[in-house]
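Per chain, numbering begins at 1; letters A, B, ... match sequence-line order. Basis for what follows: all heavy atoms, side chains included, without hydrogens, waters or symmetry-related copies.
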Number of protein chains: 2
Amino acid sequence: MAGVKDVARLAGVSVATVSRVLNDSAAVTGETRARVLEAVAELGYRPNAVARSLRTDTTRTIGLVIGDILNPFFTELARAVEDEARRSGYSVVIGNADERPERQDHYVRTLLEQRVDGLLLCPTAEITPLVRDVVRDGAPLVFLDRTLPGLDVPTVRADGAEAIGALVAHLRGLGRRRVAFISGPALLSTGRERTEAFRAAMRANGLEVPEEYLVAGDFRAGSGRETAARLLDLPRPPEVIFAGDNLMALGALDEIRARGLRIPADVGLASYDDVPWFAHLEPPVTAIEQPVQELGRRAVRALLDRVERRPVEPAVLAARLVVRRSCGEAPENRGDGEGSGRA
Amino acid sequence: MAGVKDVARLAGVSVATVSRVLNDSAAVTGETRARVLEAVAELGYRPNAVARSLRTDTTRTIGLVIGDILNPFFTELARAVEDEARRSGYSVVIGNADERPERQDHYVRTLLEQRVDGLLLCPTAEITPLVRDVVRDGAPLVFLDRTLPGLDVPTVRADGAEAIGALVAHLRGLGRRRVAFISGPALLSTGRERTEAFRAAMRANGLEVPEEYLVAGDFRAGSGRETAARLLDLPRPPEVIFAGDNLMALGALDEIRARGLRIPADVGLASYDDVPWFAHLEPPVTAIEQPVQELGRRAVRALLDRVERRPVEPAVLAARLVVRRSCGEAPENRGDGEGSGRA
DNA sequence: AAACAGCGTGTAAACGTTTACAAGACGTTG
DNA sequence: CAACGTCTTGTAAACGTTTACACGCTGTTT
């Protein structure tokens with residue numbers, strides 16, 4: 001494949017000049033410039049980013065390791081990240097951890113070897129030795145969506161406490177007092193926090209949460225179905241099942257349907273994470289929407305701040321309740337059912 | 001950051017030896033080997049893949065340019081590709097074309113500059129000059145899901161003709177004779193072929209297709225909604241709307257719901273592409289399922305065959321009809337509603 | 001007219017690996 | 001004991017860029 005040397009020869013200039021016109025890093029006569037560009041076109045020259053990266057010690061690439069590529073939340077997130085990165089002239093390399101620590105590590109390692117300029121990580125449950133090392137070595141790292149305890153890494157995430165409060169209040173307004181929560185893994189910040197917020201909200205609304213109403217899943221559909229089954233088998237089953245993420249909500253939905261129960265008449269359903277098709281189900285499901293676009297944007301900005309040695313600002317954004325019909329027809333405040341955009 | 005030199009110095013050996021133990025490319029004494037590994041651990045040495053790639057002229061990375069990352073079909077595809085690639089020791093870099101030729105080109109260019117070892121492309125509508133050049137230059141390229149006319153590039157895709165035939169037969173069995181089709185862009189192979197197959201199937205079943213029942217969308221939800229509206233406004237609206245991909249089906253669904261029409265009583269709905277949540281809608285929607293996993297696997301194998309200069313085999317796999325309830329209750333053959341797995 | 005500033009260009013080193021080639025140590029064979 | 005093979009190791013070149021530095025030319029300032 002043609003290199004800068006070939007271009008130089010054809011244009012009758014030195015390699016330095018070629019490089020200069022290609023990056024317009026220094027003044028070059030209009031005429032030489034033209035000759036070089038002509039040669040470039042003629043040879044179909046494509047700069048070798050590998051060589052450039054080696055020389056400049058920068059790849060203009062960031063890594064993004066997500067929890068699960070089949071989870072629409074992460075897909076949307078990936079897209080937002082990608083958009084913002086492109087705007088700043090960076091490419092994104094995505095790694096799919098599949099919620100498995102060893103696969104997460106695989107990507108962290110690979111991406112660092114590939115010398116990405118920065119790394120966005122949605123950490124899986126455990127804090128692996130590798131991640132600890134990477135943090136210690138001071139690699140440009142930003143946590144996204146989730147965080148890990150005791151690690152000094154800037155994090156961009158959403159806080160659902162307020163929205164969960166609104167949800168519980170909404171449920172009480174509908175006369176539903178027995179609410180169960182399917183949490184994510186306790187090892188995950190997003191798992192723990194949502195559980196805590198739920199407990200607090202229930203308490204604040206004067207509602208009890210029996211221990212058996214707090215079950216743990218793993219953020220995958222299968223666990224949603226199993227835990228929902230456990231809940232519905234209870235002697236005194238809950239009036240509403242609140243799932244800690246969209247995939248577990250899907251699993252719960254399956255179980256409810258399989259038992260021939262009606263939503264919301266027999267049991268209500270709500271979900272953390274809103275995904276496009278929630279609105280298309282019958283009945284549409286009430287959910288808590290995270291500001292995904294903004295999360296992605298902020299994460300990239302934080303990371304690039306880090307990379308370019310500017311002061312970095314972590315961010316905690318607010319999630320928001322979107323009331324639909326899966327927990328009962330609201331006699332209260334009948335909105336448009338879609339909420340109305342806080343950015 | 002520590003380099004191979006530092007390791008060599010610390011271990012008291014030459015850089016060549018370090019490289020040798022790292023790649024175990026040649027015999028090294030057990031003792032030296034141990035010393036080197038110790039030094040590697042001590043320094044937290046991470047090989048520089050950029051330098052290695054420059055030297056070896058190989059990145060062990062393949063590029064994947066998909067049509068739209070928000071389309072679950074492509075997400076699943078990406079995942080399958082990624083799995084298979086990892087199994088062969090390759091990483092995947094994903095580019096999201098957003099169904100825009102210029103963005104597709106952006107990624108094709110970037111990935112080639114990054115010197116991926118091979119490129120998997122789901123081409124957008126037009127055949128851009130860049131793509132033509134790339135093909136001419138003989139870059140290791142394989143088309144996936146879609147193909148471009150007049151370009152000699154191995155392609156891995158699914159053929160839905162048979163499944164569409166089965167769908168039309170199914171509809172006729174239900175007594176539905178007036179079927180409309182929302183096609184994808186005529187410029188896309190997947191757009192054209194599905195239309196043709198639909199026409200042929202209707203003819204074979206002795207059914208008419210008035211011109212106004214053939215409308216074109218762009219594989220995005222919005223167009224599904226608009227075209228569905230046009231169809232439903234017809235003086236003699238169709239009894240079934242068949243959407244050319246899952247996103248347009250979603251749009252059509254919205255329009256149907258917005259008009260308060262019942263599915264399948266007032267109008268039936270079917271979709272090309274099956275996605276997980278179709279089964280969760282009420283009623284569950286009848287769809288044509290593509291062998292996504294297999295598509296991904298075959299594509300990677302074809303590409304790696306190409307890369308490693310083995311003979312490459314293109315592949316055309318069969319799609320399959322999954323009958324659910326969105327076109328009417330079948331008095332005929334009442335299956336499990338999920339079909340039963342042909343691989 | 002000498003000194004100098006500014007501009008366009010070229011020469012060559014450097015980035016961190018891998019690897020061809022050479023060389024030294026040692027054992028085996030004639 | 002010389003010759004040779006084998007096995008482990010080291011030296012140095014190469015990969016395709018970018019860029020510090022030097023150079024020569026032109027025009028301006030003293």
remark   = In whole angstroms, the gap separating P of C:dT17 from CZ of B:R46 amounts to 12 Å

ask   = How many Å lie between CZ on A:R9 and C1' on D:dG16, as a whole number?
value = 13 Å

Using distance only, find each side-chain donor-acceptor pair of residues 114-127 of chain A under 3.5 Å and give its atom names and separation, not counting sequence neighbours.
from, atom 1, to, atom 2, distance (Å)
A:R115, NH1, A:L112, O, 3.1
A:R115, NH1, B:P47, O, 3.3
A:R115, NH2, B:R46, O, 3.0
A:D117, OD1, A:T59, N, 3.0
A:D117, OD1, A:T59, OG1, 3.2
A:D117, OD2, A:T58, OG1, 3.1
A:D117, OD2, A:T59, N, 3.3
A:D117, OD2, A:R60, N, 2.7
A:T124, OG1, A:Q104, OE1, 2.9

query = Where is the tightest heavy-atom contact between A:F219 and A:P185, given as atom of each residue plus distance?
reply = CD1-CD, 3.9 Å

query = Which is true for A:N23 with a 4.0 Å heavy-atom rule: it touches a base, it touches only sugar-phosphate, or it touches nothing?
reply = sugar-phosphate

message = Less than 4.5 Å apart, side chain to side chain, heavy atoms only: is that true for A:L141 and A:V135?
response = yes

request  = For the pair B:D305 and B:R301, find out whether any cationic side-chain nitrogen is under 4.0 Å from an anionic carboxylate oxygen.
outcome  = no

Ion pair B:R146/B:E99, N-O distance below 4.0 Å = yes

remark   = To the nearest angstrom, the CG-P distance between B:N48 and C:dT17 comes to 5 Å

message = If you compare all heavy atoms of B:R20 against all heavy atoms of B:A26, which two are closest, and at what distance to 0.1 Å?
response = CD-CB, 3.6 Å

message = If I compare all heavy atoms of A:V156 with all of A:L295, which pair ends up nearest, and what's the gap?
response = CG1-O, 3.7 Å

inquiry  = Heavy atoms within less than 4.0 Å of DNA chain D: which residues of residues 109-118 of chain A have one? Give them sorted by number.
reply    = none

task = Please report, rounded to the nearest Å, how far the C1' atom of D:dT19 is from the CG atom of A:L22.
result = 15 Å

key: Any residue meeting salt bridge (Lys or Arg N to Asp or Glu O under 4.0 Å) with B:D133, in chain and number order, not counting sequence neighbours   = B:R136

inquiry  = If you take any heavy atom closer than 4.0 Å to DNA chain C, which residues from residues 36-45 of chain A end up in contact?
reply    = none

message = Salt bridge check, B:E31 against B:R35: does any charged N sit closer than 4.0 Å to a carboxylate O?
response = yes

query = Under 4.0 Å between a Lys/Arg side-chain N and an Asp/Glu carboxylate O for B:R297 and B:E294?
reply = yes

task = Going 5' to 3' through nucleotides 6-15 of chain D, assign each nucleotide B (protein heavy atom under 4.0 Å from a base atom), S (under 4.0 Å only from sugar-phosphate atoms) or - (no protein heavy atom that close).
result = --SBBBBBBB

key: Sequence-distant partners of A:D68, salt bridge (Lys or Arg N to Asp or Glu O under 4.0 Å), two or more places apart   = A:R220

